[in-house]
Trainee: 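Okay, here's the structure, questions in a sec.
Quick caveat: nothing in here was measured; it's all calculated off a predicted structure.
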Amino acid sequence: MTWTAPRIERTTADGDQLNVPSTADERAMLEGWLRWHRETLLTKCAGLTAAQLARTTAEPSGLTLLGLVRHLAEIERWWFRRSFTGEPIGDVFTAPGDGDEGLEGADAAHAERDFAAYRAEVDACEAAVAGRGLDETFVSATRGRTVSLRWVFLVMIQEYARHNGHADLLRERIDGATGDYPPPA
């Protein structure tokens, strides 16, 4: 049987399809927008086969939806766990050819594994920062300056926003699907 990316059910807040509370404290809003972007990425992949996820569709770019999933797992780990909490852990994807923060090395044969790794990394990142204050800081190895957890949430939201734009175009080129919500079953 051919593996396909699972359909996701968007979470909701305040009875709204957009799962971001419209009136809440800063932490709830940051977590809500990041969750929305994470779910958007998975929505862009929902229902596609492993081969479709690993296919380049906007040549000459080698970018794929599976590459984006892998990349965002790496970026989640880098900012939340390796940088903010200082966990002494390596990359999520470390096989030969996995360069460029997971974007390269996307292989349809490993799509199910890569999706599981992404979901596990998101769960681990959420657990790593649960109960931590937005004003807590660390010195960023890549920036050479002190940054806060608040900054990490914002950089992750912009990272997903950027790559979800890429995912929009890739998905549309694969099967014509557009929009931010799961395609009909």
Side-chain angles (χ1 to χ4, degrees), residues 1-11 34-85 87-129 141-142 152 155-185:
M1 178 168 203
T2 302
W3 181 84
T4 60
R7 180 175 166 80
I8 68 154
E9 292 299 321
R10 289 256 197 204
T11 55
L34 183 53
R35 181 178 52 250
W36 187 84
H37 279 292
R38 288 168 173 159
E39 290 178 0
T40 296
L41 176 66
L42 295 175
T43 296
K44 293 298 172 186
C45 298
L48 296 178
T49 66
Q52 288 173 310
L53 292 166
R55 194 174 106 209
T56 59
T57 60
E59 291 79 8
S61 172
L63 194 60
T64 67
L65 286 167
L66 184 57
L68 290 175
V69 168
R70 292 163 46 89
H71 174 67
L72 286 159
E74 293 288 2
I75 300 304
E76 291 262 1
R77 177 175 282 197
W78 171 257
W79 283 116
F80 286 118
R81 296 179 62 204
R82 292 174 72 183
S83 298
F84 178 71
T85 65
E87 288 183 50
I89 53 177
D91 296 333
V92 180
F93 301 102
T94 56
D98 282 340
D100 200 17
E101 299 172 325
L103 284 169
E104 298 169 5
D107 182 342
H110 303 295
E112 185 174 12
R113 175 204 70 183
D114 293 352
F115 266 74
Y118 169 80
R119 290 217 138 154
E121 193 56 42
V122 166
D123 290 345
C125 290
E126 287 176 345
V129 299
T142 57
V152 172
V155 83
M156 288 304 303
I157 290 166
Q158 76 78 30
E159 185 81 13
Y160 272 95
R162 175 178 181 225
H163 290 309
N164 281 338
H166 297 132
D168 283 339
L169 296 172
L170 295 171
R171 178 64 188 251
E172 186 174 10
R173 295 282 306 232
I174 291 168
D175 67 356
T178 60
D180 298 329
Y181 293 89

Trainee: Can you check whether V92's main-chain N or O pairs, donor with acceptor, with E121's side chain at less than 3.5 Å?
Mentor: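 Not a single qualifying donor-acceptor pair exists.
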
Trainee: Out of curiosity, L48 CG to L66 CG, how far, rounded to the nearest 0.5 Å?
Mentor: 11.0 Å

Trainee: Considering non-hydrogen atoms only, spot the tightest contact between P6 and A46 and give its length.
Mentor: O-CB, 3.5 Å

Trainee: Is the backbone of G67 close enough, under 3.5 Å, to the side chain of T64 for a donor and an acceptor to pair up by distance?
Mentor: yes

Trainee: Check whether any side-chain N or O of D114 sits under 3.5 Å from a backbone N or O of V69 as a donor-acceptor pair, and report yes or no.
Mentor: no

Trainee: Starting at CZ of F93, measure out to CD of E104 and round the result to the nearest 0.5 Å.
Mentor: 13.5 Å

Trainee: Taking only Lys NZ, Arg NE, NH1 and NH2, and the carboxylate oxygens of Asp or Glu, determine whether R77 and D91 approach each other closer than 4.0 Å.
Mentor: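 Looking at R77 and D91, the cut-off is not met.
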
Trainee: Does E87 pair with R82 as a salt bridge, N-O distance under 4.0 Å?
Mentor: no

Trainee: Using a strict cut-off of less than 4.0 Å between a Lys/Arg side-chain nitrogen and an Asp/Glu carboxylate oxygen, indicate whether R119 and D123 qualify as a salt bridge.
Mentor: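 So R119 does not pair with D123 through a salt bridge.
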
Trainee: What are the two closest non-hydrogen atoms of A54 and A106, and how far apart are they?
Mentor: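 So the minimum-distance heavy-atom pair works out to CB-O, 4.5 Å.
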
Trainee: Is it the case that the side chains of E159 and H71 hold a donor-acceptor pair, with the cut-off being a distance below 3.5 Å and no angle test?
Mentor: yes

Trainee: How many angstroms lie between atom CD1 of I75 and atom CZ of F80, to the nearest 0.5 angstrom?
Mentor: 11.5 Å

Trainee: To the nearest 0.5 Å, what is the distance between OG1 on T43 and CD on E9?
Mentor: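 So the gap between those two atoms works out to 9.5 Å.
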
Trainee: For a 4.5 angstrom cut-off between non-hydrogen side-chain atoms, does L68 reach Y118?
Mentor: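 L68 vs Y118: side chains apart.
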
Trainee: Is any side-chain heavy atom of L41 closer than 4.5 Å to one of H163?
Mentor: no

Trainee: Tell me whether the centres of the aromatic rings in W36 and Y160 are closer together than 6.0 Å.
Mentor: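 Ring centroids of W36 and Y160 are no less than 6.0 Å from each other.
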
Trainee: T85 and A128: which non-hydrogen atoms are nearest, and at how many Å?
Mentor: CG2-O, 3.7 Å

Trainee: I'd like to know if E76 pairs up with R38 as an ion pair, taking the criterion as any Lys NZ or Arg NE/NH1/NH2 lying under 4.0 Å from an Asp or Glu carboxylate oxygen.
Mentor: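 Result for this pair is yes, salt bridge flagged.
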
Trainee: Does a side-chain heavy-atom distance below 4.5 Å link L65 with I174?
Mentor: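 Yes, at least one pair of side-chain atoms sits under 4.5 Å.
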
Trainee: So which heavy atom on A5 is nearest to which on L53, and how close?
Mentor: CB-CD1, 3.9 Å

Trainee: Atom CD in E39, atom CD1 in I8: separation rounded to 0.5 Å?
Mentor: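 E39 atom CD to I8 atom CD1 measures 5.0 Å (nearest 0.5 Å).
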
Trainee: Counting C-beta onward and ignoring hydrogens, is there a side-chain heavy-atom pair between Q52 and T57 closer than 4.5 Å?
Mentor: no

Trainee: Within a strict 4.5 Å, meaning less than it, do heavy atoms of the V155 and Q158 side chains meet?
Mentor: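 Of all side-chain heavy-atom pairs linking Q158 with V155, at least one is under 4.5 Å.
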
Trainee: Got T142 and W79 here, is their nearest side-chain heavy-atom distance under 4.5 Å?
Mentor: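 Yes. Closest side-chain heavy atoms under 4.5 Å.
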
Trainee: Dump the intermediate steps for side chain to side chain contact (heavy atoms under 4.5 Å, CB included) on T178 and R171, then the final yes or no.
Mentor: CA-CA 7 Å; T178 60; R171 178 64 188 251; over 6 Å; no

Trainee: Could you state the interatomic distance from CG (L169) to NZ (K44), rounded to the nearest 0.5 Å?
Mentor: 9.0 Å

Trainee: Return yes if some donor-acceptor pair links the side-chain N/O of R70 with the main-chain N/O of L103 below 3.5 Å, else return no.
Mentor: no

Trainee: Could you check whether any side-chain N or O of S83 sits under 3.5 Å from a backbone N or O of W78, counting only pairs where one atom can act as donor and the other as acceptor?
Mentor: yes

